[in-house]
Amino acid sequence: MSRLPIDPNAGERLAQVYSASFARRYGGYIVGAAAFALFLFGLWYLEFSLTRTIKGLAQFGWIIAFMMPPNPGTQLPSYLSAMGETLSIALLGTTLAAVFALPFSLLAARNIIPSALLRFPTRRFLDSIRGVDTLIWALVWINVVGLGPFAGVLAIATSDFGAFGKLFSEAIETADRKPVEGIRSTGGGSLHEIRFGLLPQVLPVIAGQILYFIESNTRSATIIGIVGAGGIGLQLAEQIRVLEWQHVSFLILMILVAVAAIDFVSKRLRFAIIGRPATAAT
Amino acid sequence: MNRTVVTAIPSLPPAQIAALAASYDRAIVRRRMRFAGGVIAFVLLLLLAAVGSEVSLTTFFAKLGNFTSYFYRILHLDSGAWVWTDFAEWFWGLKKWVVLIAETVLISYVGTIGGAFAVFLLNFLAARNVGPCLWLRIAVARGFELCRTVPGIVFALIFVIAFGLGPMAGVFAIMIHTTGALGKLYSEVVENIDMKPVEGVRATGASWITGIRFAVVPQVMASFASYTLLRFEINVREASVMGFVGAGGVGQELLVAVRKFYYSDVSAILILIIVLVFAIDISTGFLRHRLIGMEHTR
């Protein structure tokens with residue numbers, strides 16, 4: 001066995017192969033420095049000052065101290081009914097959104113509507129609805145149906161309509177064609193294909209997403225009261241304005257408990273519908 | 001018509017077939033009953049919710065006309081012409097609004113960076129695999145949960161009182177909420193790393209901090225950056241409503257326009273917000289794909 005011939009320029013070539021370009025070597029630092037500079041500019045532009053920060057934090061510390069212990073005073077029944085209203089808004093809003101989003105999601109799904117001409121505008125339309133925050137929709141609906149929880153239901157339904165349309169259409173797009181073809185090969189009609197081929201695949205995914213959204217909408221529904229669209233947010237904003245800190249901390253505690261409870265229930269239901277995921281991460 | 005089908009598969013005696021078929025039918029019936037029970041329970045819950053949230057279909061249909069007419073009105077100028085016939089009149093306050101939109105982006109940017117920085121320092125304490133001790137891990141994880149569950153705008157309401165009106169309250173509100181939301185995601189990323197490099201570094205006698213710096217951080221940086229970009233996108237949406245409670249950004253202007261019935265202003269500001277959200281959506285999406293690509297080629 002002879003020795004491998006060694007290229008006399010091997011060292012040079014090696015250095016060349018492993019030499020990092022300028023962008024590779026310093027790019028990260030430059031991007032980091034630019035991001036940090038923008039951060040400093042933001043602090044300056046938004047009129048941050050050390051004295052204001054310290055004063056504010058001290059004030060915040062006092063507020064936290066005033067919050068202890070949480071105490072609803074004599075208002076407990078009205079807070080509980082407001083919480084019930086919030087949960088109702090979340091449940092009803094999500095359900096409405098799901099009902100209306102389903103047909104639209106069919107229009108936005110690639111395997112159902114192959115023409116990009118119809119699909120693209122549908123998607124943009126859904127995106128722009130999603131881009132507007134729930135609170136803004138609440139403001140708009142208050143102008144239409146007046147103050148109260150009904151406006152909240154419609155606000156949540158509208159903003160979730162955009163999100164659901166996107167998620168459902170993705171669920172439909174990722175559905176496997178094989179069961180549908182199997183049904184067809186045994187002589188099933190197109191209705192059979194949808195009922196036994198497509199629906200069993202898509203429904204559990206959609207149900208899981210609806211449950212997840214009911215959970216996250218409980219959170220959204222706690223705040224739409226701030227603009228007057230019903231629920232516990234109205235009470236919360238009012239108590240903050242009149243500086244009743246013990247009531248505020250009690251209301252926040254109520255929200256935490258309610259969200260945790262809904263979280264628990266919806267997780268159990270989700271596992272029952274789609275089965276426990278293989279890994280712990282959901 | 002009674003045919004005997006001749007197949008290669010020997011068929012069971014009829015009694016056994018009947019028993020199997022009956023048990024199959026029972027199983028199906030049980031499943032359908034459970035499904036129907038679920039549907040009935042859900043419908044009852046919905047009715048209860050409808051009563052609880054004062055849904056009234058008569059108001060809805062009576063006022064539904066308002067919805068279309070509201071959109072009709074926000075798309076008309078004071079002169080009665082459609083808005084797009086006179087862009088200068090429609091976007092009369094463009095300069096002011098663009099400044100406010102820029103302020104909104106800055107609020108969410110500073111809030112996101114500040115929150116991400118805090119989380120970067122804290123999340124290693126909350127991760128199950130590298131966390132130094134149990135009580136610290138639980139304390140930090142609970143803290144994240146508290147920051148995550150209380151909506152950002154509630155923090156903004158409180159901070160407006162603590163810091164005074166202005167964007168500072170909005171920045172702190174977004175920062176706190178970001179800390180909670182990213183804290184969970186970051187520590188989940190850390191929990192999924194390969195532990196061998198950590199053991200290697202620790203085996204050389206390095207301290208906990210050195211171990212984090214040279215074995216954990218290089219593995220998680222790309223995912224951290226990707227999640228942070230995603231959060232930035234969400235925070236822009238949230239910052240657009242911070243003005244509702246006086247915490248800076250374009251929300252204040254929108255609230256005033258809606259409350260005072262400046263119809264064409266409402267549509268103009270809404271369009272600016274939607275354009276902003278699209279722009280942020282597309283650019284962060286582009287950056288995230290590049291980040292993910294970088295991670296894969298490594």
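Labels below follow one simple rule: chain letters A, B, ... track the order of the sequence lines, proteins then strands, and each chain is numbered from 1.
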**OP:** Could you look at Ala35(A) and say if it's the side chain, the backbone, both or neither that has a heavy atom under 4.5 Å from chain B?
**Re:** both
**OP:** Could you label the plane-to-plane angle of the Phe172(B) and Phe163(B) rings as parallel, tilted or perpendicular, counting under 30° as parallel and over 60° as perpendicular?
**Re:** parallel
Original post:
Which one of Leu87(A), Ile136(A), Val132(A) has the most heavy-atom pairs closer than 4.5 Å to chain B?
Top reply: Ile136(A)
Original post:
Do Lys166(A) and Arg123(A) come within less than 4.5 Å of each other through their side chains, counting heavy atoms only?
Top reply: no
Original post:
Of all of Val153(A), Thr222(A), Leu256(A), Ile89(A), which one pairs up most often with chain B through heavy atoms under 4.5 Å apart?
Top reply: Leu256(A)
Subject >> Residue part contacting chain A, namely of Val245(B), when any heavy atom lies under 4.5 Å >> reply: side chain
**OP:** Name the member of Leu45(B), Leu46(B), Val171(B), Leu255(B) that forms the most heavy-atom pairs with chain A at distances under 4.5 Å.
**Re:** Leu46(B)
**OP:** Go through the atoms of Leu43(A) and report whether side chain, backbone, both or neither lie under 4.5 Å from a heavy atom of chain B.
**Re:** both
**OP:** Might you point out which heavy atoms bring Trp141(A) and Ala151(A) nearest each other, and give the distance in Å?
**Re:** CB-O, 3.8 Å
Original post:
Has Phe36(A) got more than 12 heavy atoms of other residues, nucleotides or ligands less than 6.0 Å from its CZ?
Top reply: no
Original post:
Where on Val227(A) is there a heavy atom nearer than 4.5 Å to chain B: the side chain, the backbone, both, or neither?
Top reply: both
Original post:
With a 4.5 angstrom heavy-atom cut-off, which part of Thr95(A) approaches chain B: side chain, backbone, both or neither?
Top reply: side chain
Subject >> Heavy-atom pairs under 4.5 Å with chain A, option from Phe159(B), Tyr70(B), Tyr109(B), Phe244(B) with the top count >> reply: Tyr109(B)
Subject >> Flag if over 12 foreign heavy atoms under 6.0 Å of CZ, Phe100(A) >> reply: no
**OP:** Pick one of side chain, backbone, both or neither for Ala90(A), based on which atoms fall under 4.5 Å of a heavy atom in chain B.
**Re:** neither
Original post:
With only heavy atoms counted, which part of Tyr45(A) is less than 4.5 Å from chain B, the side chain, the backbone, both or neither?
Top reply: side chain
Original post:
Of the backbone (N, CA, C, O) and the side chain (C-beta and beyond), which part of Trp62(A) lies under 4.5 Å from a heavy atom of chain B, both, or neither?
Top reply: neither
**OP:** Name the option with the most non-hydrogen atom pairs under 4.5 Å to chain A; the candidates are Ile161(B), Val150(B), Ile273(B).
**Re:** Ile161(B)
Subject >> Residue Arg128(B) excluded, over 12 heavy atoms near CZ under 6.0 Å >> reply: no
Subject >> When Ile142(A), Leu57(A), Thr53(A) are compared by non-hydrogen pairs under 4.5 Å with chain B, the top option >> reply: Thr53(A)
**OP:** Mark yes or no: Arg130(A) above the aromatic ring of Phe125(A), with NZ or CZ under 6.0 Å from the six-membered ring centre and no more than 45 degrees from the axis.
**Re:** no
Subject >> Structural part of Thr134(A) lying under 4.5 Å from a heavy atom of chain B >> reply: neither
Subject >> Choice from Ala49(B), Pro151(B), Gly251(B), Ala50(B) maximising heavy atom contacts with chain A below 4.5 Å >> reply: Ala49(B)
Subject >> Segment of Leu254(B) engaging chain A (4.5 angstrom heavy-atom cut-off) >> reply: side chain
Original post:
Which atoms of Leu154(A) come close to chain B, meaning under 4.5 Å heavy atom to heavy atom: side chain ones, backbone ones, both, or neither?
Top reply: side chain
**OP:** With a 4.5 angstrom heavy-atom cut-off, could you sort out which part of Ile240(A) is near chain B: side chain, backbone, both or neither?
**Re:** both
Subject >> Leu270(B) versus chain A, the contacting section by heavy-atom distance below 4.5 Å >> reply: side chain
Original post:
Counting distance only, does the side-chain N/O of Tyr79(A) pair as donor-acceptor with the main-chain N or O of Phe250(A) below 3.5 Å?
Top reply: no
Original post:
Given that the side chain runs from C-beta out, which part of Leu157(B) has a heavy atom under 4.5 Å from chain A: side chain, backbone, both or neither?
Top reply: both
Subject >> Most contacts with chain A, counted as non-hydrogen pairs under 4.5 angstrom, among Val266(B), Val241(B), Ile274(B), Val277(B) >> reply: Val241(B)
Subject >> Phe117(B) CZ: over 12 foreign heavy atoms closer than 6.0 Å >> reply: no
Original post:
Given the rule in the side-chain contact (heavy atoms from CB on, under 4.5 Å) test, do Ile158(B) and Ile63(A) qualify, once you have shown the distances and angles that lead to the verdict?
Top reply: CA-CA 9 Å; Ile158(B) 296 175; Ile63(A) 290 174; 4.2 Å; yes
**OP:** Using the side-chain contact (heavy atoms from CB on, under 4.5 Å) rule, take Thr228(B) and Tyr186(B) through it: C-alpha gap first, then chi angles, then the decisive distance, then the call.
**Re:** CA-CA 9 Å; Thr228(B) 310; Tyr186(B) 274 25; 2.5 Å; yes
Original post:
When you look at Gln239(A) and Leu251(A), which way does the side-chain contact (heavy atoms from CB on, under 4.5 Å) test go after all the steps?
Top reply: CA-CA 9 Å; Gln239(A) 298 306 320; Leu251(A) 285 168; 4.0 Å; yes
Original post:
Do you know which of Ile252(A), Asn143(A), Leu236(A), Ile226(A) has the most heavy-atom pairs under 4.5 Å to chain B?
Top reply: Asn143(A)
Original post:
Which pair of non-hydrogen atoms, one from Thr178(B) and one from Ile174(B), has the smallest distance, and what is that distance?
Top reply: OG1-O, 2.6 Å
Subject >> Residue selection (most heavy-atom pairs with chain B, distance under 4.5 Å) from Gly233(A), Ser128(A), Ala237(A) >> reply: Ser128(A)
**OP:** Return the orientation label for the Phe71(B) and Trp137(A) ring planes: parallel under 30°, perpendicular over 60°, tilted otherwise.
**Re:** tilted
Original post:
If only atom types and distance count, is the side chain of Ser108(B) paired as donor or acceptor with the main-chain N or O of Ala239(B) below 3.5 Å?
Top reply: no
Subject >> Atom pair CG/CZ of Asn235(B) and Arg231(B) - distance to nearest 0.5 Å >> reply: 5.0 Å
Subject >> Toward chain A, the part of Ile107(B) with a non-hydrogen atom under 4.5 Å >> reply: both
Original post:
Side chain, backbone, both or neither: which part of Leu46(A) has an atom under 4.5 Å from a heavy atom of chain B?
Top reply: both
Original post:
Picking from Glu145(B), Arg237(B), Met168(B), which has the most non-hydrogen pairs under 4.5 angstrom with chain A?
Top reply: Met168(B)
